[in-house]
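Just so it is clear, the model here is predicted, and its values are computed rather than measured. In what follows, every chain begins at residue 1, and chains take the letters A, B, ... in the order their sequences are listed.
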Number of protein chains: 2
Amino acid sequence: MPEPQPQSWRSACPVNIALEILGDRWTLLILRDVLLFQRSTFKDFQESPEKIASNILADRLKKLQQHGILESHRSESDARVIAYRPTTKGLDLLPVLIELILWTDRYEETGAPRRSIARLRRAPHEVIAEIKAAFADPTKVAKRSGK
Amino acid sequence: MPEPQPQSWRSACPVNIALEILGDRWTLLILRDVLLFQRSTFKDFQESPEKIASNILADRLKKLQQHGILESHRSESDARVIAYRPTTKGLDLLPVLIELILWTDRYEETGAPRRSIARLRRAPHEVIAEIKAAFADPTKVAKRSGK
DNA sequence: CCGGATCCGTTTCGATACTG
DNA sequence: CAGTATCGAAACGGATCCGG
């Protein structure tokens with residue numbers, strides 16, 4: 001087999017599809033908060049350090065749900081709160097997010113704690129498994145550790 | 001050690017920095033072409049199926065160079081042509097790109113050929129090594145295998 | 001021809017204010 | 001708390017022009 005490459009599937013390369021879903025600044029920030037930092041409510045996201053505007057946030061949350069990446073339901077502990085959770089499809093974005101973080105940490109100045117990054121680099125699979133397990137277990141999702 | 005998580009490094013999470021570099025539709029498409037499909041010239045990128053406008057393309061190429069992801073030099077074979085190549089930093093985006101492609105292929109309808117995707121899924125490291133080797137070898141970079 | 005730069009109508013974004 | 005309405009600013013994208 002002298003020719004492993006099947007002669008350019010560029011026009012069929014899935015990158016462009018991914019970009020229609022994720023290719024804007026805010027969407028990935030929301031996913032960061034949901035997947036990595038256990039945020040779940042509209043207010044949580046609004047309080048992100050990047051100060052997302054409420055209309056943009058509403059729009060992106062809607063799109064993320066339409067794409068089947070997030071789902072929402074009323075909180076059981078507090079009925080007036082709507083909690084957003086990742087679907088399986090959403091959780092499967094963790095590898096992308098982690099690779100992105102590792103790349104950025106390698107080449108840009110960030111204040112990220114060494115221990116967290118080191119663990120992501122050493123055992124990403126382990127971290128992913130933990131996060132998935134946490135979302136699979138209802139009790140862990142319901143209560144976000146105080147503070 | 002009962003507490004592995006150092007209490008939210010969200011504000012220091014490198015995702016936002018990555019997004020300032022990559023967080024628009026066109027940048028990643030250019031990188032797709034450079035890293036995965038051996039495109040290297042302005043004209044190559046213009047001919048992408050997504051039809052990027054020339055002013056936008058020029059702007060993104062400049063930014064990618066400013067961020068040290070691409071570098072440019074005049075082609076040796078044809079002096080009027082400028083060839084863009086990924087730097088090491090640029091090549092290290094391959095894992096991100098690959099994870100993105102695998103995710104998209106898993107959940108969205110794409111026309112990507114099964115063999116290419118299967119290989120990316122089975123042995124991403126191998127593919128990455130090949131691509132890096134190709135860029136390290138000047139002869140392979142210079143001539144893009146004809147059509 | 002190649003790699004852009006410039007101009008300009010149109011769309012989209014995003015900050016603020018307001019509402020259920 | 002979880003959004004909508006409004007409106008100015010920015011980005012986009014198409015066409016055209018230009019220097020080498």
### Stepwise side-chain contact (heavy atoms from CB on, under 4.5 Å) check, A/Lys43 with A/Val81
CA-CA 9 Å; A/Lys43 195 191 176 199; A/Val81 168; over 6 Å; no

### Query
Are A/Asp24 and B/Arg25 close enough, and set up right, to give a salt bridge (charged side-chain N to carboxylate O under 4.0 Å, His left out), and what steps lead you there?
CA-CA 7 Å; A/Asp24 91 294; B/Arg25 226 189 127 221; over 6 Å; no

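Computed from coordinates, the B/Asn55 CG to C/dG9 P distance equals 15 Å when rounded to whole Å. Whole-Å rounding puts the B/Asp59 CG to D/dG14 P distance at 16 Å. In this entry the distance linking CZ of A/Arg39 with P of D/dA2 reads 14 Å, nearest Å. Atom-to-atom, CG of B/Asp44 to P of C/dG4 comes out at 13 Å; the value is rounded to the nearest Å. In this structure, B/Ile30 atom CD1 and C/dG3 atom C1' are separated by 14 Å, rounded to whole Å. For A/Leu57 and D/dC1, the CG to P distance is 13 Å, given to the nearest whole Å. Note: CG (B/Leu61) to C1' (C/dC2) measures 13 Å, nearest angstrom. Atom pair B/Ile82:CD1 and C/dG3:P shows a separation of 6 Å (rounding to whole Å applied).
A/Ile56 comes within contact range of at least one nucleobase, with a heavy-atom separation under 4.0 Å. Here B/Arg60 lies in heavy-atom contact (under 4.0 Å) with sugar-phosphate atoms only. A/Phe45 comes within contact range of no nucleotide atom at all, as no heavy-atom separation falls under 4.0 Å. Among the atoms of the strands shown, base atoms are found under 4.0 Å from some heavy atom of A/Ala53.
Side chain to side chain, A/Glu50 and A/Ser48 meet the donor-acceptor criterion of an N or O pair below 3.5 Å. Judged purely by distance below 3.5 Å, without hydrogens or angles, the side chains of B/Gln46 and B/Ser54 never pair a donor atom with an acceptor atom.
Between A/Tyr84 and D/dG3, a side-chain N or O to OP1/OP2 separation shorter than 4.0 Å is present.
Between the base of C/dA5 and the side chain of B/Ser54 there is a donor-acceptor pair shorter than 3.5 Å.
For B/Trp26, whose side chain is taken as the heavy atoms from C-beta onward, the closest listed nucleotide among D/dC12, D/dG13, D/dA2 is D/dG13.
Look at B/Arg119 and B/Glu126 and you find a salt bridge, because one of the NZ, NE, NH1 or NH2 atoms lies within 4.0 Å of a carboxylate O, short of that distance.
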